[in-house]
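As a basis for the values below, the full set of heavy atoms in this structure was taken, side chains included, without hydrogen atoms, waters or symmetry mates. Count residues from 1 along the sequence. Keep in mind that what you see is a predicted model, and the values were worked out from it rather than measured.
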Amino acid sequence: MASDVIAVYPGTFDPMTLGHEDVVHRASQLFGRLIVAVAAGHHKKSLFTLQERVEMAREALKAYPQVTVEGFSGLVRDFVVARGGKAMVRGVRAVTDFDYEFQLAGMNRHLMPEVETVFLTPSDKYQFISSTFVREIAVLGGEVHQFVSPSVQQRLIEKVKSLGRE
């Protein structure tokens, strides 16, 4: 393990899934400190507020003492550089993810050449899970317990009720 290396795992985490948690588990074995950076997500319409997503991530990841969770807005480059990050962790599920992530990694290399992008794949049992699918299933009244931690599931149930879609 690179005990002195700070890595950042950015994403919108709307909501955090078991696939995200699996990537955190894998990354936490490689780096001394991992910052889960919850993005405001200006380009996406999120179900949860930034603060709710940060709280959900903190609850889901509380078993990892070397992992911290912070919200941010703006360029991920600015966040990573300000925190002294030397690696950026990205989860990749399929070829379609890789194509996008490969392009993003190239752009990030131009913006911050001192930071390496590390691609991690979740366990095969989580490779099909996406936050988008989980949100849609929850809003339509389906069961999501097999895709998210119990605390995230409870937040999803409460959010759907608050939207009047139970």
Side-chain angles (χ1 to χ4, degrees), residues 1-2 5-72 76 79-80 85 87-105 108 115-160:
M1 173 178 20
V5 175
I6 297 170
V8 177
Y9 178 26
T12 50
F13 305 107
D14 184 38
M16 175 157 281
T17 68
L18 294 178
H20 294 131
E21 290 182 42
D22 191 58
V23 169
V24 167
H25 173 76
R26 292 166 189 282
S28 70
Q29 295 177 341
L30 298 173
F31 302 104
R33 182 164 172 235
L34 179 66
I35 304 170
V36 174
V38 182
H42 303 291
H43 63 291
K44 295 182 177 181
K45 183 173 181 347
S46 58
L47 179 62
F48 293 96
T49 67
L50 176 60
Q51 187 58 40
E52 288 171 329
R53 290 181 281 129
V54 167
E55 290 168 3
M56 279 189 291
R58 285 182 178 151
E59 177 67 25
L61 302 173
K62 65 183 176 189
Y64 298 94
Q66 73 278 39
V67 175
T68 57
V69 178
E70 295 182 47
F72 78 99
V76 72
F79 182 90
V80 172
M88 190 156 52
V89 172
R90 300 298 296 168
V92 179
R93 295 170 300 202
V95 173
T96 51
D97 282 352
F98 183 78
D99 186 50
Y100 170 78
E101 294 294 343
F102 184 79
Q103 292 176 45
L104 188 61
N108 283 328
V115 176
E116 291 296 330
T117 298
V118 177
F119 297 116
L120 296 177
T121 58
S123 171
D124 56 351
K125 66 183 176 180
Y126 302 126
Q127 286 185 356
F128 65 93
I129 301 174
S130 79
S131 292
T132 302
F133 291 157
V134 169
R135 282 193 313 271
E136 189 169 324
I137 292 166
V139 167
L140 294 174
E143 288 291 323
V144 295
H145 69 275
Q146 65 270 37
F147 310 126
V148 296
S149 68
S151 62
V152 171
Q153 178 188 10
Q154 187 57 43
R155 293 257 193 162
L156 275 163
I157 290 168
E158 291 167 7
K159 180 61 79 170
V160 169

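Under a cut-off of 6.0 angstrom, the local environment of CZ in F128 is crowded, with over 12 non-hydrogen atoms contributed by other residues, nucleotides or ligands.
Smallest separation of non-hydrogen atoms from S131 and P15: OG-O, 2.7 Å. The two residues R135 and L47 have their closest heavy-atom pair at CD-CB, 3.6 Å. Nearest heavy-atom pair across G71 and F79 is O-CE1, 4.3 Å. Heavy atoms only, all atoms of each residue included: A40 and R53 are closest at O-NH2, 3.2 Å. In plain terms, the two heavy atoms of S28 and V67 that are nearest each other are CB-CG2, 4.2 Å. Pairing each heavy atom of E21 with each of L61, the nearest pair is CG-CD2, 4.0 Å.
The closest side-chain donor-acceptor pair between H20 and T17 falls under 3.5 angstrom. In this model, a donor atom of one side chain and an acceptor atom of the other lie less than 3.5 Å apart for H25 and Q29.
By the side-chain contact (heavy atoms from CB on, under 4.5 Å) test, E55 pairs with Q51, R155, sequence neighbours left out. F119 is linked by a side-chain contact (heavy atoms from CB on, under 4.5 Å) to R90, V92, F98, E101, A105, T117, counting only residues two or more places apart in sequence or in another chain. In this structure, the side-chain contact (heavy atoms from CB on, under 4.5 Å) partners of E136, at least two apart in sequence or on a different chain, are L140. Residues that satisfy the side chain to side chain donor-acceptor pair (under 3.5 Å) test with T68, not counting sequence neighbours, are absent from this structure. Legend: residues meeting side chain to side chain donor-acceptor pair (under 3.5 Å) with T49, ordered by chain and number and at least two apart, are E52. Scanning for side-chain contact (heavy atoms from CB on, under 4.5 Å) contacts around S123 gives D22, R26, K125, Y126, with sequence neighbours left out.
Using a 4.5 Å heavy-atom threshold, the side chains of M88 and V76 count as touching. Residues V139 and L156 have side chains not in contact (no heavy-atom distance under 4.5 Å, counting atoms from C-beta outward). Side chains of V5 and R33 form no contact here, defined as non-hydrogen atoms less than 4.5 Å apart. Counting heavy atoms from C-beta on, the side chains of N108 and V115 never come closer than 4.5 Å. Taking 4.5 Å as the limit, every side-chain heavy atom of V38 sits out of range of all side-chain heavy atoms of F72. Contact check for E143 versus I137: no side-chain heavy atoms found under the 4.5 Å cut-off. Here the side chains of Y64 and L34 are not in contact, with every heavy-atom distance at 4.5 Å or above.
Proximity of a side-chain donor or acceptor of Q127 to a complementary backbone N or O of P122 within less than 3.5 Å is detected.
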Steps toward side-chain contact (heavy atoms from CB on, under 4.5 Å) verdict (V24, Y9): CA-CA 8 Å; V24 167; Y9 178 26; 3.6 Å; yes
Test log, rule side-chain contact (heavy atoms from CB on, under 4.5 Å), inputs I35 and V69: CA-CA 6 Å; I35 304 170; V69 178; over 6 Å; no
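Atom CE in M16 sits 10.0 Å away from atom OG in S151 (nearest 0.5 Å).
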